[in-house]
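The block underneath contains the structure these notes are about, expressed in structure tokens.
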Amino acid sequence: MDTIILNMSPKGNSKKSNSKIICEEFVRCMEKPCEIINIANSNLEQTSQYITDFDNIIFALPLYIHAMPGIMMEFIEYLSPSNTKNQSMGFIIQAGFIESAQGKYVERYFELLAKKLDYKYLGTVFKGEAAAIYMFPRMFKKVLSKFNELGKLYEQTHSFDEEIVLDLGRPYELSKFKAHLYQLLCDIGLNNIGWHRMLKKNGAYKKRLDTPFL
Ligand SMILES: Cc1cc2nc3c(=O)[nH]c(=O)nc-3n(C[C@H](O)[C@H](O)[C@H](O)COP(=O)(O)O)c2cc1C
């Protein structure tokens with residue numbers, strides 16, 4: 001059974017793409033590692049034709065504004081229904097914020113998409129709090145090893161291991177106590193320290209409240 005993995009991040013094969021890092025970790029210990037295509041560095045139409053012969057397709061994407069990146073929406077326009085009706089589609093989402101609940105709308109869409117294209121739906125894996133993986137890979141050793149395990153088991157079963165999916169998806173929602181704590185950090189501005197530093201470094205700090213489209 002052949003699986004193709006598509007990195008849907010607009011960062012493509014940049015070292016700063018967390019989706020790319022996760023795709024590579026997913027296949028790293030496979031006996032026969034799956035091919036990975038960085039969609040941003042490919043011709044969308046040609047890639048959509050190339051993947052039609054694979055038994056399984058795994059889309060790995062970052063969450064952008066609680067949705068999929070624009071390049072993925074564009075790519076979906078090129079997809080055609082399954083040739084055999086025995087093919088499968090699965091999704092791996094990673095995102096900056098902690099709660100995996102924010103992925104529930106796009107997950108519903110992915111399930112429908114698979115159904116509409118006559119693919120079996122393998123499910124959606126969601127990992128929050130993942131934005132800093134490329135900056136501090138050592139800090140994310142445990143998370144990356146879970147993706148590694150997920151990939152190894154996927155190679156044997158062609159499905160996503162339920163326990164690992166549950167584990168990666170925690171927390172689904174923050175407890176009330178934690179939500180209040182984060183609110184407090186926001187109120188006193190602690191959550192913005194790193195972000196503001198980056199804006200200043202890029203000369204964008206003074207423009208951060210601009211509303212160019214109003
Ligand atoms: C324009 C933009 C929008 C984003 N929107 C969200 C969001 O709605 N929720 C979230 O949890 N993270 C959001 N993020 C954070 C990304 O999901 C996160 O940084 C991810 O690891 C990026 O993956 P990549 O490096 O493969 O592109 C956003 C990032 C960008 C640049």
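Hydrogens, waters and symmetry mates play no part in the numbers below; they use all other heavy atoms, side chains included. A quick note: this is a predicted structure, and the numbers were derived from the prediction, not measured. Read the numbers this way: they start at 1 and go in the same order the structure lists the ligands and their atoms.
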Run the numbers for me: atoms of ligand 1, each under 4.0 Å from some heavy atom of [X], listed by number.
X	result
K16	25 (O)
A131	18 (C), 19 (O), 21 (O)
G96	10 (C), 11 (O), 12 (N), 15 (C), 16 (C), 17 (O), 18 (C)
Q94	17 (O), 20 (C), 21 (O), 22 (C), 23 (O), 24 (P), 26 (O)
S19	24 (P), 26 (O)
K11	24 (P), 25 (O), 27 (O)

Any N/O of S9 closer than 3.5 Å to an N/O of ligand 1? yes
Can you check side chain to side chain contact (heavy atoms under 4.5 Å, CB included) on E35 and Y50, steps first, answer last? CA-CA 12 Å; E35 183 183 354; Y50 175 68; 2.6 Å; yes
Contact summary for P69 and P10, nearest pair of heavy atoms: CB-CD, 3.9 Å
Tell me which protein heavy atom sits closest to atom 11 (O) of ligand 1, plus the residue, atom name and distance to 0.1 Å.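 Residue, atom and distance for the closest contact: F97 N, 2.7 Å.
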Nearest protein heavy-atom contact for atom 22 (C) of ligand 1: which residue, which atom, what distance? P62 CB, 3.6 Å
Check: H196 ring centre within less than 6.0 Å of Y205 ring centre: yes
Taking the ring centre of each residue, are Y121 and F110 less than 6.0 Å apart?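 That pair fails the under 6.0 Å test.
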Linking I/L/V/M/F/W/Y whenever their side-chain heavy atoms sit closer than 4.5 Å, directly or via other members, would F91 and Y78 fall into one cluster? yes
Given N38, which of T47, L6, N13, I5 fulfils the side-chain contact (heavy atoms from CB on, under 4.5 Å) condition?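 Of the listed residues T47, L6, N13, I5, the side-chain contact (heavy atoms from CB on, under 4.5 Å) partner of N38 is N13.
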L63, I65, N18: member with heavy atom nearest to atom 1 (C) of ligand 1: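 It is I65 whose heavy atom sits nearest to atom 1 (C) of ligand 1.
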Nearest heavy atom to atom 9 (N) of ligand 1 wins, so pick from E129, Q102, H66. Q102
Under-4.0 Å salt bridge between D167 and K142: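 Result for this pair is no, no salt bridge flagged.
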Flag if over 12 foreign heavy atoms under 6.0 Å of CZ, R197: no
